[in-house]
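Inspection log for the structure reproduced underneath, given as structure tokens.
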Amino acid sequence: MGTLQIDFGEDRKSKIVGIDLGTTNSLIAYMDLTGPRIIEDSEGRKIVPSIVSLSEDGKLVAGEPARELLLTHPERTVYSVKRLMGRGVGDVQEELKLFPFRIASDSESVIKLNLGDRTFTPPEISAAVLRQLKNNAEAALGTPVSEAVITVPAYFNDAQRQATKDAGRLAGLEVLRLVNEPTAASLAYGLDKRQDGIIAVYDFGGGTFDISILRLHDGIFEVLATNGDTHLGGDDIDNLLLRIALEDVETEWGQDLSQDSEGVQRMRRAVIRAKEELSFVPEATVELSYKGKTYQRSIDRTLFDRLIAPIIERTLASCRSCLADAKLTPEQINEVVMVGGSTRIPRVRTAVERLFKAKPHTELNPDEVVALGAAVQAGILAGDVENKLLLDVTPLSLGIEIMGGVVSKLIHRNSTIPASATETFTTAVEGQRNVLIHVLQGERELVKDCRSLARFDLKDIQPLPAGMARIEVRFLIDANGILNVTARDARTGKEQTVEVKPSYGLTEEQVEAMIQESFDKAEEDMRERQVREARVEADNILAATEKAQKNEAWEALSDNERRAIESAKRELRAVYHGNDHRLINEKIDALNHATQTLAENMMNTAVRGALRGTKID
Ligand code: ADP
Ligand code: MG
């Protein structure tokens with residue numbers, strides 16, 4: 001008897017997809033009744049290369065067709081655009097040296113890539129990949145797809161996350177959530193079902209290596225530490241094999257193929273094919289037929305393992321640093337998850353197992369786990385899967401500028417997100433009507449050493465004496481790592497909000513450098529901060545004294561008292577520009593002391609005035 005196919009498609013409100021937007025490859029997945037599932041294109045392919053090309057008729061094409069165009073039209077084809085997402089020209093000078101395609105430099109902050117006669121921003125390029133994935137999903141599922149969960153590296157900062165969301169929007173996808181790649185991989189393995197545990201996610205892809213250590217507590221993931229190398233991956237292995245093959249060709253054919261860009265690309269494909277085969281068989285052959293000539297060379301595992309040993313060692317060194325940052329020993333890792341196509345290499349697996357002293361998870365396809373996990377998260381959002389919380393952390397502290405060029409931090413680095421903080425500030429000048437809110441990112445104490453994210457004015461606040469206004473500043477980082485800053489005049493309720501979409505991003509190295517610098521300069525910074533705070537205090541008391549000298553109470557003082565005040569002012573001014581905050585504070589105290597009678601007299605006058613006032617009433 002035949003079985004009828006059951007149509008599960010109609011009972012759902014909408015399909016939320018999960019997307020792994022990778023540097024080399026991208027995949028899309030969704031949740032069906034049996035679990036997460038990768039969606040194939042019309043030809044049964046799951047992997048969409050993250051390559052985009054401008055076709056003859058002026059359209060952006062992505063995926064496999066673009067990979068073909070990379071051979072014939074490299075000048076209008078781009079890859080690895082993920083490296084440029086959310087970053088400014090200034091941030092990626094080193095990166096750009098490694099990119100063969102040209103960058104339009106009409107603006108110093110926005111990266112634009114030249115494809116043929118047109119230019120595109122990195123989110124526009126990524127959007128083409130996302131559109132391809134979306135089309136594949138719509139064709140396979142037979143329904144429109146408009147909502148997605150997209151994964152990003154754990155170390156991506158606000159700007160890089162925002163750029164990823166922008167790419168989604170450009171592709172017609174509402175990005176409901178950005179999920180860290182290691183978190184997604186852990187979800188794909190259902191590790192959230194454990195009660196507690198420490199998970200290491202080893203992600204060795206095409207061009208990047210990432211190691212992340214997560215803590216799972218009551219079903220909540222928290223990133224403890226990340227490390228890695230943004231230029232270490234399968235590409236490096238390909239380059240090793242390619243160099244050998246090109247040298248062979250030079251001796252065998254008497255021809256320098258390295259000058260022939262199509263020849264090099266074809267040889268690259270040949271070595272990649274052999275490399276990938278070698279993960280399953282003990283020996284593989286690199287084969288190329290090109291312009292009437294043929295090349296063949298077999299490579300066995302022993303040679304291959306020897307060639308890649310230094311590359312594997314570099315990934316292990318990152319793992320050790322990551323463990324050190326998380327203050328953990330390898331024995332404390334409960335689960336190891338393998339992610340990325342390059343973890344198919346048997347030697348990589350044994351090396352990782354030896355380091356962590358635990359058998360890594362390799363049951364799922366390593367190039368699919370991140371997309372599968374994204375689909376699990378999509379299922380959670382759609383209500384198909386029991387709700388779980390996923391926590392991530394902010395890489396750097398966030399705060400605002402206060403008087404004296406000093407930073408007041410609202411959200412500290414490594415806070416789990418979503419996070420919020422509210423603090424009340426006041427005005428510095430009598431009758432002040434506008435307040436400038438300057439949003440900063442970084443670990444240092446002074447504004448000049450932090451990164452400026454945004455500036456905005458809260459206008460037309462109620463004019464009051466200095467120090468009387470109450471301005472509430474609220475920072476809110478949503479689950480996607482996007483920062484919203486709101487300033488509100490507590491008396492009038494007037495408020496102003498900005499969503500921080502910084503045009504510059506930071507590299508992981510820069511984030512680390514900023515944190516390191518804050519440790520190195522901690523003492524120096526603290527001294528400078530104390531000096532600046534003392535100067536702000538000095539400004540306040542000098543201004544108050546000057547104001548009091550215009551009051552009738554001043555006239556009531558004895559000559560001696562007046563001379564003492566003038567001399568205390570002079571002494572404070574004399575140390576004001578010095579670098580000793582204790583000395584400044586000492587002179588502030590002295591001036592306070594000298595003006596005590598004056599202050600009392602003023603108070604009495606005020607009280608007398610008030611009493612007179614009540615009598616009149
Ligand atoms: P990314 O996350 O960087 O976009 P992937 O995780 O898809 O990339 O990994 C792509 C890399 O994996 C490529 O360098 C590819 O050659 C490599 N790879 C894929 N399959 C194998 C295999 N069987 N053996 C070795 N390397 C492989
Ligand atoms: Mg990946």
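All residue numbers refer to positions in the sequence shown, counting from 1.
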* Salt bridge or not for R570 and E566, using N-O below 4.0 Å? -> no
* Examine distances only and state if a side-chain atom of E555 and a backbone atom of E552 form a donor-acceptor pair shorter than 3.5 Å. => no
* Asked: Atom CZ of R562 and atom CG of D559: how far apart are they, to the nearest 0.5 Å?
  -> 5.5 Å
* **Atom pair CD/CE of E430 and M468 - distance to nearest 0.5 Å** => 10.5 Å
* Asked: Does atom NE2 of H231 have more than 12 heavy-atom neighbours from other groups under 6.0 Å away?
  -> yes
* K82/E181 salt bridge by N-O under 4.0 Å criterion -> yes
Name every donor-acceptor pair, under 3.5 Å, that has one atom in a side chain of residues 313-323 and the other anywhere in the protein, sequence neighbours excluded.
unit_1	atom_1	unit_2	atom_2	d
E313	OE2	R320	NH1	3.1
R314	NH2	D229	OD2	3.0
T315	OG1	Y202	OH	2.7
T315	OG1	I312	O	2.6
S321	OG	A317	O	3.2

* Are any of the side-chain nitrogens in D489 or K494 under 4.0 Å away from the carboxylate oxygens of its partner? -> no
* Main-chain N/O of C450 paired with R444 side-chain donor or acceptor, under 3.5 Å -> no
* For R488, which of Q496, R474, E472 qualifies under side chain to side chain contact (heavy atoms under 4.5 Å, CB included)? -> E472
* Minimum-distance pair of heavy atoms, taken over all atoms of S186 and L214 -> OG-CD1, 3.5 Å
Which atom pairs, one a donor and one an acceptor, fall under 3.5 Å between side chains of residues 456-466 and the rest of the protein, sequence neighbours left out?
none

* Asked: Any ion pair linking E586 and R582 (charged N to carboxylate O, less than 4.0 Å)?
  -> no
* Short N-O contact, E546 and K569, less than 4.0 angstrom -> yes
* Is it the case that more than 12 heavy atoms not belonging to R470 sit under 6.0 Å from its CZ atom? -> no
* To do: Would you mind telling me which of T497, L453, V473 makes a side chain to side chain contact (heavy atoms under 4.5 Å, CB included) with V485?
  => V473
* Structure fact -> Across all chains, not counting sequence neighbours, the salt bridge (Lys or Arg N to Asp or Glu O under 4.0 Å) partners of R455 are none
